[in-house]
Amino acid sequence: EIGAIDKMTMSGAKRWLANYIEEKGVNSEAHLARSQSSVFSFGDAAELWRQRQLIACGKPSSQSSMGCELRKHVVPLLKNIPLEEVNDYSLIRDLIATWQEEEREDGEVGYSYKSIKNFFGHIRAVYNFYRDETAQKGKPRIGEWFVKWERIAPPQPVEEEQPHFSTSVTAAIVSRAKTQMQRALFATAGGSAPRGGESFALHVEDVREQPN
């Protein structure tokens, strides 16, 4: 229903319909080719990419990590969506919001910036792989190249400077140590910044006096 007959003429209705068809792109050759074949979902494309690209060309470590991330965090959200419709900025932003609010296996909420970028990369790899596959077989390409990460990326977390003692504070800690062993431990820790386990594992013979 586009309007009342007493407010729109027949020619006006035809013009509206022609504009609507043009906006939807349903009068193109590419749309006709897709309509004559079964809908290819993202889940179908992901499985094809896994078999032909990931397993065939990926390293064992990549097969494990990428396959797991795709299976657990990407495919469940996009499995039945037509592949062409995945190439949408609004949809990808919604996915990012979901990943930021999703409860992780460790009980924490939200995935890191790096993990979300990896999830996005898997979607892009699947989409672009199938796009190239169809072009090589003479079929119309699906849509344009995939959306850019720079346009939908969430703000990167601000890295905070690690807390540390100044030289004067470190010297005061060393001078106020109660035993010679503690002074040696605090001086070594302040001077070379080792991990706790590395400091406690040191023996006297491990320490060498540096020449002047």
Side-chain angles (χ1 to χ4, degrees), residues 23-160 162 195:
E23 290 176 359
K24 293 297 182 181
V26 296
N27 203 30
S28 64
E29 293 182 3
H31 180 82
L32 176 62
R34 290 192 298 272
S35 66
Q36 292 175 338
S37 60
S38 58
V39 176
F40 204 78
S41 69
F42 180 86
D44 298 328
E47 180 59 24
L48 191 67
W49 174 81
R50 189 186 69 83
Q51 294 178 356
R52 295 187 182 179
Q53 186 70 21
L54 183 62
I55 295 179
C57 305
K59 298 179 181 178
S61 58
S62 299
Q63 294 178 16
S64 176
S65 60
M66 295 175 69
C68 180
E69 290 178 343
L70 186 70
R71 184 179 68 256
K72 294 178 64 175
H73 304 294
V74 178
V75 172
L77 300 175
L78 299 173
K79 182 176 181 179
N80 297 319
I81 295 180
L83 183 62
E84 186 177 0
E85 296 180 13
V86 173
N87 190 17
D88 181 82
Y89 281 103
S90 179
L91 184 146
I92 298 299
R93 290 190 181 99
D94 289 343
L95 285 177
I96 290 175
T98 298
W99 291 324
Q100 289 176 321
E101 300 171 359
E102 187 176 342
E103 183 176 352
R104 307 198 310 250
E105 292 180 352
D106 59 6
E108 298 294 329
V109 176
Y111 288 91
S112 67
Y113 180 94
K114 181 180 179 181
S115 294
I116 291 175
K117 188 175 182 180
N118 287 342
F119 300 162
F120 168 83
H122 301 334
I123 300 175
R124 191 173 189 273
V126 169
Y127 180 92
N128 289 341
F129 169 77
Y130 187 74
R131 185 177 186 272
D132 289 342
E133 283 279 298
T134 54
Q136 291 174 7
K137 294 180 180 179
K139 298 179 181 180
R141 286 185 182 271
I142 56 167
E144 297 297 326
W145 207 252
F146 203 64
V147 298
K148 301 294 184 181
W149 170 253
E150 293 76 12
R151 293 186 58 182
I152 48 84
Q156 292 195 49
V158 178
E159 294 186 3
E160 297 182 0
Q162 294 296 317
R195 298 182 179 90

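These values consider heavy atoms only, across backbone and side chains, with no hydrogens, waters or symmetry-generated copies.
Expressed to the nearest 0.5 Å, how far OG of Ser115 lies from CZ of Arg104 amounts to 8.0 Å. Atom NZ of Lys72 sits about 9.0 Å away from atom CZ of Phe119, to the nearest 0.5 Å. Atoms OH and CG, from Tyr127 and Asn87 in turn, are 4.0 Å apart once rounded to the nearest 0.5 Å. Between atom CZ of residue Arg52 and atom CD of residue Glu47 there is a gap of 11.0 Å, rounded to the nearest 0.5 Å. Atom CG of Leu54 and atom CZ of Phe129 lie 10.5 Å apart (nearest 0.5 Å).
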For residues 93-100, please give each side-chain donor-acceptor pair under 3.5 Å, one per line with the distance, not counting sequence neighbours.
unit_1: Arg93; atom_1: NH2; unit_2: Arg151; atom_2: O; d: 3.3
unit_1: Thr98; atom_1: OG1; unit_2: Asp94; atom_2: O; d: 3.0
unit_1: Trp99; atom_1: NE1; unit_2: His73; atom_2: O; d: 3.0

Would you give me the side-chain donor-acceptor pairs under 3.5 Å for residues 39-46, sequence neighbours excluded?
unit_1: Ser41; atom_1: OG; unit_2: Gly43; atom_2: N; d: 3.4
unit_1: Ser41; atom_1: OG; unit_2: Asp44; atom_2: N; d: 3.2
unit_1: Ser41; atom_1: OG; unit_2: Asp44; atom_2: OD2; d: 3.0
unit_1: Ser41; atom_1: OG; unit_2: Lys79; atom_2: O; d: 3.2
unit_1: Asp44; atom_1: OD2; unit_2: Ser41; atom_2: N; d: 3.2

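Across Ile123 and Leu78, no two heavy atoms sit closer than the pair CD1-CD1, 3.7 Å. The heavy-atom pair separating Glu103 from Tyr111 by the smallest distance is O-OH, 4.3 Å. Residues Phe120 and Lys148 approach most closely at CZ-C, 4.3 Å, considering heavy atoms.
Inter-residue side-chain proximity for Val147 and Asp88 is flagged as unmet; no heavy-atom pair is nearer than 4.5 Å. Annotation: side chain of Trp149 is in contact with side chain of Ile116 (closest heavy-atom distance under 4.5 Å). The closest side-chain heavy-atom distance from Leu70 to Trp49 is below 4.5 Å. Using a 4.5 Å heavy-atom cutoff, the side chains of Leu91 and Ile81 are in contact.
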